[in-house]
Amino acid sequence: MSSPYRSYVLVSREQIARNYRSVRAVVGTGVEVAGVVKADAYGHGALEVARVLAGEGARWLAVSSVEEGVALRRGGIEGIRILVMGGFLPYEGEAVAEYDLTPAVHSLDQIAQVERLARASQRSVGYHLKIDSGMGRLGTRASAEEILAALGQAPDARLEGLMTHFASAADYTRQQTEEQLAYFERICARLAQGGVEPRYRHTSSTIAVGYGRREGWYQLVRAGHALYGYVSPARGDAPPQLLDVKPALTWKAKLLAVKEVPEGTLIGYGGTFRAPRAMRIGVLGAGYADGIFHRLSNRGKVIADGQITPILGTISMDLTTIDLSHTTALGEGDDVTLLGAEGEASLYAPEIARVAGTISYNILCSISARVKRVYV
Ligand SMILES: *Cc1c(COP(=O)(O)O)cnc(C)c1O
């Protein structure tokens, strides 16, 4: 199927729904699944993905920022909780209350801010408290006693969850995840002794679900990558991966020109590619401004007429040149696949990431706003 855009992604709603169901099936009925739709649902379109998940009966979504949460509410996402994992800044407090967002609070001072917010807005404002159990990023490092004291000062703010995030859940060559979980358990147990036992505890993203780290699932998991069809490979002696998910996004670009060039032709900025023989080349209407990594210059591949073929020369802002010597079937206006499957060939985010020197998440999130999203 082709679309009238120079560069576009096709997103399969059904595949996202299937991936969500796979996460549900793995964690079982006692555990809720928050669909992580931050960063425009990893390039898939947050509003559309949120609608699909709501249609599947999801009760939680998770985003990074208040702004992302507000955009979902304004887009009509109602009747489903939205966890703002990056918390809120003082000037965003009003929007948290107005749009019924649930912030992940990561300092004791912010508990006091939620308290003020709840009083000022005369609404019940629920929040989740994020514990830094050893990732050294967001989360409080306060002791259980300090947390209990802060909670005592905030009777109107409603603590609904305790959460943490793992730094290396896919790494089975070390104990960091076990250590983080033990720290989290210890804090939770002391809070429980102090009478604080919120409804949710949660620690796990895709990797901790995929590799079955069940001790960390509690009542809720936060899955992003899996919804889009990916589970990162593990290091060391990992148990079998449980999720049955497949990529939901295909990225295409149209040929603006196809031409024959003689041996010795230099291609692109800097003349970094010299044709070793007479070649047929194609010029695609997509470049690094669309999200094709500049690092893929002279290294990356695309799929043209069902075959993997190399990117030639330097990637430009709006154009990328490829080798079409293997086919005469393609001409101006035809589609080439940048990410996805075509015929027998496939090229997905992890392989592209390896060549670009990054991770699969980075490839998906970099597909720019200029690339049209088409839902099928
Ligand atoms: C992004 C994020 C997730 C989702 O991670 P995936 O690996 O995409 O499943 C979960 N929790 C937090 C705190 C995150 O920032």
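Counting starts at 1 for both ligands and their atoms, in listed order. Note: hydrogens, waters and symmetry copies are ignored here, and every other heavy atom, side chains too, is used. Predicted model only: the values in this text are computed from it and were never measured. Count residues from 1 along the sequence.
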Give, for atom OH of Y361 and atom NE2 of H225, the distance between the pair rounded to the nearest 0.5 Å.
-> 4.5 Å
Distance from atom 4 (C) of ligand 1 to nearest protein heavy atom, with residue and atom | Y42 OH, 3.5 Å
of all protein heavy atoms, closest to atom 15 (O) of ligand 1 is K38 NZ, 2.7 Å
Heavy-atom contacts with H225 under 4.0 Å: which atoms of ligand 1 show up? List them by number with element.
-> 6 (P), 8 (O), 9 (O)
For A223, the ligand 1 atoms whose distance to one of its heavy atoms is below 4.0 Å = 9 (O)
May I ask you to identify the nearest protein heavy atom to atom 7 (O) of ligand 1, giving residue, atom name and distance to one decimal place in Å?
-> Y361 OH, 2.6 Å
Run the numbers on Q15 and Y228 for side-chain hydrogen bond (donor to acceptor under 3.5 Å, both in side chains), then give the verdict.
-> CA-CA 8 Å; Q15 190 58 53; Y228 311 110; over 6 Å; no
Out of H202, M163, R222, R137, whose heavy atom is nearest to atom 11 (N) of ligand 1?
-> R222
re atom 5 (O) of ligand 1, the protein heavy-atom contact at minimum distance is S205 CB, 3.3 Å
For V36, the ligand 1 atoms with a heavy-atom partner under 4.0 Å come out as 4 (C)
Hey, can you tell me if H294 and Y288 have their rings parallel, tilted or perpendicular (30° and 60° cut-offs)?
-> perpendicular
Nearest non-hydrogen protein atom, atom 9 (O) of ligand 1 = T206 OG1, 2.6 Å
Examine distances only and state if a side-chain atom of R24 and a backbone atom of V31 form a donor-acceptor pair shorter than 3.5 Å.
-> yes
Looking at ligand 1, does I207 have a heavy atom less than 4.0 Å from it?
-> no
Number the atoms of ligand 1 from 1 as they appear, then name those within less than 4.0 Å of a heavy atom of M85, with their elements.
-> 2 (C), 11 (N), 12 (C), 13 (C), 14 (C), 15 (O)
What distance do S168 atom OG and R235 atom CZ have between them, rounded to the nearest 0.5 Å?
-> 9.5 Å
Exercise: do W60 and T102 side chains pair donor with acceptor under 3.5 Å = no
Decide whether the shortest distance between a heavy atom of A226 and an atom of ligand 1 is less than 4.0 Å.
-> no
Could you walk me through whether D109 and S107 pass the side-chain hydrogen bond (donor to acceptor under 3.5 Å, both in side chains) test, one step at a time?
-> CA-CA 5 Å; D109 182 55; S107 72; 5.0 Å; no
Does R6 come within less than 4.0 Å of D334, counting only side-chain N to carboxylate O?
-> no
